[in-house]
Amino acid sequence: MTTAASENAGLVVRGLTTTFDTPRGLAIAAADVDFDVAPGEVVGLVGESGSGKSVTLRSIMRLIREPGHVSGRVEWRGRDLVAMPDEELRRIRGSEIAMIFQEPMTALNPVLPVGLQIEENLIAHTTLNRRERRARALELMNIVGIPAAESRLDEYPHQFSGGMRQRAMIAIALACSPKLLLADEPTTALDVTIQDQILKLLLELRDNLAMSVVLVTHDLGVIAATCDRMAVMYAGRIVETGTVADVFARPRHPYTRGLLGSVPSGGAPRTMLYSIDGTPPSLTELPVGCAFHPRCKFATEECLKTRPPLSGVAESRLAACFHQDDVAAMEPIL
């Protein structure tokens with residue numbers, strides 16, 4: 001996914017590929033992923049579970065370990081994170097780039113107080129003394145809306161509700177005022193009220209800190225409410241990109257069309273929900289040609305033999321489909 005001025009983007013990802021050696025063979029979890037994130041922009045990655053969204057975020061941060069392998073280029077302010085020495089990368093992680101992990105109950109350390117876990121980031125990246133670190137941790141807990149913050153600094157994750165744990169994760173990520181936030185499904189398993197609060201908080205922080213955000217989710221409602229642009233992933237590859245308004249109004253890939261059609265709408269009562277036939281392919285046995293062709297009603301002989309390139313009518317509006325004009329011409333699924 002590119003913009004008119006890629007060179008000005010805070011984050012530029014080109015050809016990012018992540019593979020894992022498995023007993024069944026090589027699993028391609030992400031392949032030739034390209035996208036940019038401009039300063040202050042929110043970009044969403046959306047797709048079914050196993051489509052490569054979370055692996056892409058972890059690959060950007062170089063959190064993939066053996067038997068995983070990452071290649072490609074991830075430029076942050078002109079520096080390639082993939083080729084960067086470990087020591088230099090550690091100075092960037094948590095300070096310039098921060099990450100909210102998917103499940104706070106497992107991401108937070110259960111035997112350390114939440115306040116101390118916030119302070120760990122400050123110890124690594126600042127010269128604040130102990131008193132100043134505690135004051136900053138308290139400030140962060142107030143910023144993210146944790147009630148009675150001072151008394152909760154010394155509490156443990158199991159004493160927090162799901163929403164409060166998620167807020168604590170955000171506080172840890174924001175400790176050093178990063179310029180790029182990678183958020184891996186930050187509202188998963190939260191009720192809709194808390195989900196709305198977390199999303200509004202992220203947008204407020206984006207505005208206040210001039211922070212860019214890459215948001216991973218499978219929820220198209222979250223994408224619509226928070227993101228400027230979006231990229232749809234399937235079987236480890238980006239299959240469609242564009243502004244949220246353009247993609248929602250006129251999808252150009254059959255998979256995107258299927259995802260949008262699967263969202264319940266206010267149509268006639270007792271109407272069957274649309275579903276995408278079949279299941280995602282195994283990452284160790286990806287189909288030849290377009291990976292989506294076994295589930296696609298538009299598939300032709302060409303789709304079975306050749307992988308379609310990511311192309312389209314404009315640099316910022318792309319789809320990996322030989323029949324994207326036919327897909328775009330279809331009436332929206334209700």
Side-chain angles (χ1 to χ4, degrees), residues 11-35 37 43 45-112 117 120-121 123-125 157 169 172-173 176 178 180-186 188 214-218 231 233-239 279-288 291 307:
L11 180 71
V12 178
V13 178
R14 292 291 180 271
L16 183 64
T17 300
T18 304
T19 60
F20 293 89
D21 297 321
T22 75
R24 295 185 177 183
L26 190 68
I28 305 173
D32 295 322
V33 174
D34 292 357
F35 67 92
V37 185
V43 174
L45 298 181
V46 65
E48 293 170 288
S49 295
S51 60
K53 309 182 301 297
S54 297
V55 166
T56 296
L57 285 200
R58 289 174 178 267
S59 300
I60 290 172
M61 291 283 275
R62 258 179 54 196
L63 296 176
I64 302 296
R65 297 290 180 261
E66 295 287 347
H69 307 276
V70 178
S71 61
R73 196 170 85 251
V74 179
E75 289 189 6
W76 168 247
R77 297 181 169 181
R79 295 166 290 177
D80 186 0
L81 300 182
V82 174
M84 185 177 290
D86 290 344
E87 185 177 347
E88 185 179 352
L89 183 61
R90 280 194 293 269
R91 291 196 291 267
I92 293 176
R93 282 199 204 115
S95 57
E96 297 180 35
I97 305 175
M99 185 166 179
I100 302 173
F101 293 93
Q102 186 167 350
E103 176 46 62
M105 197 58 203
T106 55
L108 291 170
N109 191 324
V111 300
L112 294 180
Q117 296 189 56
E120 285 182 325
N121 202 349
I123 293 171
H125 298 292
M169 285 290 298
I172 293 171
C176 296
L180 174 64
L181 180 66
L182 307 178
D184 190 0
E185 302 203 27
T188 296
V214 180
L215 177 66
V216 160
T217 182
H218 61 269
M233 295 193 71
Y234 184 79
R237 293 181 180 271
I238 291 179
V239 297
T279 59
S282 167
L283 297 179
T284 59
E285 299 177 355
L286 293 173
V288 177
R307 180 185 300 121

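Scope of the values below: all heavy atoms of this structure, side chains included, with no hydrogens, waters or symmetry mates.
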Approximate separation, where rounding is to 0.5 Å, of Gln102 CD and Arg58 CZ:
8.0 Å
Let me see the working for Glu75 and Arg14 under side chain to side chain contact (heavy atoms under 4.5 Å, CB included), right down to the final yes or no.
CA-CA 8 Å; Glu75 289 189 6; Arg14 292 291 180 271; over 6 Å; no
Please step through side chain to side chain contact (heavy atoms under 4.5 Å, CB included) for the pair Ile64 and Phe20, ending with a clear verdict.
CA-CA 9 Å; Ile64 302 296; Phe20 293 89; 3.9 Å; yes
Side-chain contact test, heavy atoms from C-beta onward, threshold under 4.5 Å: evaluate it for Ile60 versus Trp76 and give yes or no.
no
Could you report the tightest heavy-atom contact between Thr284 and Gly25, atom names first, then the distance?
CG2-O, 4.0 Å
Please answer whether the main-chain N or O of Leu112 pairs with a side-chain N or O of Gln117 as donor and acceptor at a distance below 3.5 Å.
yes
Does the pair Leu81 and Ile97 meet the rule for a side chain to side chain contact (heavy atoms under 4.5 Å, CB included), with working shown?
CA-CA 11 Å; Leu81 300 182; Ile97 305 175; 3.8 Å; yes
Got a sec: does the CD of Glu88 have more than 12 other heavy atoms crowding it under 6.0 Å?
yes
Before you tell me yes or no, could you show the steps for Val33 and Met233 under side chain to side chain contact (heavy atoms under 4.5 Å, CB included), namely the whole-Å CA-CA distance, both residues' side-chain angles and the distance that decides it to 0.1 Å?
CA-CA 9 Å; Val33 174; Met233 295 193 71; 4.0 Å; yes
Does a side-chain heavy-atom distance below 4.5 Å link Asn109 with Glu120?
no
When you measure from the side chain of His125 to the backbone of Glu96, do you find a donor-acceptor pair of N or O atoms at a distance under 3.5 Å?
no
Heavy atoms only: give me the nearest Gly15-Asp34 pair and the separation to one decimal.
N-OD1, 2.6 Å
Can you establish whether the number of heavy atoms outside Arg307 located under 6.0 Å from its atom CZ is more than 12?
no
Would you give the length of the straight line joining atom CG of Leu26 to atom OG1 of Thr19, rounded to the nearest 0.5 angstrom?
4.5 Å
Closest heavy-atom contact between Thr17 and Asp32?
OG1-N, 3.1 Å
Do Ile28 and Leu283 make a side-chain contact, defined as non-hydrogen atoms from C-beta onward lying under 4.5 Å apart?
no
Closest heavy-atom contact between Ala173 and Ala98?
O-CB, 3.1 Å
Sequence neighbours excluded, the answer for salt bridge (charged side-chain N to carboxylate O under 4.0 Å, His left out) partners of Arg62 is Asp86
Please report the closest heavy-atom contact between Arg79 and Met84, naming both atoms and the distance.
CB-CE, 3.7 Å
Do Asp184 and Phe101 have side chains that get closer than 4.5 Å, going by heavy atoms?
no
Between Ala29 and Val55, what is the shortest heavy-atom contact and its length?
CB-CG1, 3.9 Å
Do Leu215 and Pro186 have side chains that approach each other closer than 4.5 Å (heavy atoms only, starting at C-beta)?
yes
Taking the side chain as every heavy atom from C-beta outward, state whether Leu63 and Arg93 have any atom pair closer than 4.5 Å.
yes
Evaluate the side-chain proximity of Thr56 to Thr18: yes if any heavy-atom separation is below 4.5 Å, no if none is.
no
Residues, nucleotides or ligands: over 12 heavy atoms within 6.0 Å of Glu66 CD
yes
Do Asp21 and His69 have side-chain heavy atoms sitting under 4.5 Å apart?
yes
First locate atom NE2 of His218, then atom OG of Ser54, and finally report the distance between them rounded to the nearest 0.5 Å.
11.0 Å
